[in-house]
Engineer: 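Supplied in structure tokens, the structure appears directly below.
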Amino acid sequence: MLKLLRVDHRLLHGQVAFSWTQNIGADCILIANDDVPQNDIRKTTIKLAKPQGVKLVIKSIEDSIKALQSGVTDKYKLFIVVESVKDAKTLAEAYPEIQQINLGGIKVREGTRNISKAINVTPEEEELIKELVDKGIEVEIRQVPADKKVAALNAF
């Protein structure tokens with residue numbers, strides 16, 4: 001059962017690993033990212049942040065979609081973390097069970113504007129977020145579970 005899909009450029013780190021995993025009751029974290037499976041340094045760093053007693057799976061976006069669609073993840077209380085809005089949209093389009101996306105951290109890059117404390121989006125990402133909302137997917141901004149939920153569209 002999917003508990004949450006989060007966009008965070010840092011992927012797995014203390015805040016995500018502990019507060020979110022505990023809050024949503026996840027027993028498995030899926031890092032869906034095309035770089036990490038081939039990047040031993042990033043993979044090692046992510047493994048160090050894994051909470052005890054929680055399964056960690058690292059897959060490419062395509063392999064993540066295959067796993068989700070196959071039902072192999074159904075037995076878990078799943079927490080998916082992606083690095084970008086684009087990756088979140090790709091997963092949401094391939095796996096309709098995704099009905100909520102949490103924006104937790106998107107770093108400053110060229111062409112971005114700040115819409116929240118830790119969220120910086122390009123005009124293209126704003127469009128992707130609007131498309132997700134138009135499809136009935138809740139896109140909200142919260143760094144930690146205790147923060148007040150803010151609808152992403154309200155931040156534009």
Side-chain angles (χ1 to χ4, degrees), residues 1-37 42 46 49 51 54 56-69 71 73-74 76-156:
M1 174 198 329
L2 178 63
K3 300 302 269 181
L4 183 66
L5 170 60
R6 178 178 169 94
V7 177
D8 194 320
H9 69 271
R10 297 167 294 179
L11 294 171
L12 196 61
H13 54 92
Q15 174 179 296
V16 170
F18 296 96
S19 63
W20 279 104
T21 303
Q22 198 169 37
N23 180 270
I24 63 175
D27 59 9
C28 182
I29 299 170
L30 170 60
I31 302 296
N33 182 276
D34 287 334
D35 175 58
V36 176
R42 287 185 82 189
I46 287 168
V54 176
L56 174 65
V57 179
I58 299 171
K59 291 187 176 292
S60 68
I61 298 297
E62 185 181 327
D63 288 345
S64 295
I65 289 168
K66 286 178 186 167
L68 290 164
Q69 291 175 339
T73 61
D74 292 354
Y76 297 107
K77 295 176 192 135
L78 191 62
F79 179 25
I80 304 172
V81 186
V82 297
E83 198 169 33
S84 69
V85 173
K86 181 178 175 275
D87 289 347
K89 185 170 188 286
T90 300
L91 286 178
E93 286 175 340
Y95 190 65
E97 286 80 349
I98 294 171
Q99 290 298 304
Q100 178 188 22
I101 297 173
N102 164 259
L103 303 179
I106 304 174
K107 67 183 173 185
V108 175
R109 293 153 290 141
E110 191 171 327
T112 60
R113 73 179 180 109
N114 181 269
I115 60 166
S116 181
K117 186 165 52 173
I119 309 295
N120 302 279
V121 294
T122 63
E124 294 82 13
E125 288 168 330
E126 283 187 34
E127 279 309 308
L128 295 177
I129 290 167
K130 288 175 186 169
E131 288 172 24
L132 286 163
V133 171
D134 287 347
K135 290 181 178 175
I137 297 171
E138 177 189 4
V139 182
E140 52 104 0
I141 298 170
R142 268 191 300 170
Q143 284 191 284
V144 293
D147 288 350
K148 186 177 180 282
K149 240 189 219 193
V150 175
L153 289 186
N154 292 345
F156 296 157

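Nothing here was measured: the structure is a model prediction, and the numbers come from that model. Hydrogens, waters and symmetry mates play no part in the numbers below; they use all other heavy atoms, side chains included.
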Engineer: Looking at every non-hydrogen atom in both residues, tell me the closest pair between G136 and Q99 and how far apart they are.
Structural biologist: O-OE1, 3.7 Å
Engineer: Taking all non-hydrogen atoms of both residues, which atom of V121 and which atom of R109 are closest, and how far apart?
Structural biologist: CA-NH2, 4.2 Å
Engineer: Side chains of P51 and I29: does their closest heavy-atom pair fall under 4.5 Å?
Structural biologist: yes
Engineer: How many angstroms lie between atom CG of L56 and atom CG of L12, to the nearest 0.5 angstrom?
Structural biologist: 6.5 Å
Engineer: Listed by chain and number, what are the side-chain contact (heavy atoms from CB on, under 4.5 Å) partners of S60, not counting sequence neighbours?
Structural biologist: D34, E62, D63
Engineer: Is there side-chain contact between V57 and T73, with at least one heavy-atom pair below 4.5 Å?
Structural biologist: no
Engineer: Testing the basics here: between S19 and V144, what is the closest heavy-atom pair and its distance to 0.1 Å?
Structural biologist: OG-CG1, 4.1 Å
Engineer: Under the criterion side-chain contact (heavy atoms from CB on, under 4.5 Å), which of N33, D8, V7 is the partner of E83?
Structural biologist: N33
Engineer: Looking only at non-hydrogen atoms, find the nearest pair between Q143 and A118 and report the distance.
Structural biologist: NE2-CB, 3.2 Å
Engineer: Check whether any side-chain heavy atom of E97 lies under 4.5 Å from a side-chain heavy atom of L68, and answer yes or no.
Structural biologist: no
Engineer: May I ask you to test the V139-L153 pair for a side-chain heavy-atom distance under 4.5 Å?
Structural biologist: no
Engineer: Report the residue from I119, I106, I101 that forms a side-chain contact (heavy atoms from CB on, under 4.5 Å) with V85.
Structural biologist: I106
Engineer: Mind checking the CD-CG spacing from E110 to N120? Nearest 0.5 Å is all I need.
Structural biologist: 13.5 Å
Engineer: Shortest non-hydrogen contact from K77 to G25?
Structural biologist: CD-O, 3.1 Å
Engineer: With a 4.5 Å cut-off on side-chain heavy atoms, are K135 and E93 touching?
Structural biologist: yes
Engineer: Of all heavy-atom pairs between I46 and L11, which one has the smallest distance, and what is that distance?
Structural biologist: CD1-CD1, 3.8 Å
Engineer: Decide yes or no for Y95 and I65: does some side-chain heavy atom of the first lie under 4.5 Å from some side-chain heavy atom of the second?
Structural biologist: no
Engineer: Output the distance between atom NZ (K149) and atom CG (N154), rounded to the nearest 0.5 Å.
Structural biologist: 12.5 Å
Engineer: Would I80 and S64 satisfy side-chain contact (heavy atoms from CB on, under 4.5 Å), going step by step from the backbone distance to the final call?
Structural biologist: CA-CA 9 Å; I80 304 172; S64 295; over 6 Å; no
Engineer: Is V81 close to W20 at the side-chain level, that is, under 4.5 Å between some pair of heavy atoms?
Structural biologist: no
Engineer: Any side-chain heavy atom of E127 sitting closer than 4.5 Å to one from K89?
Structural biologist: no
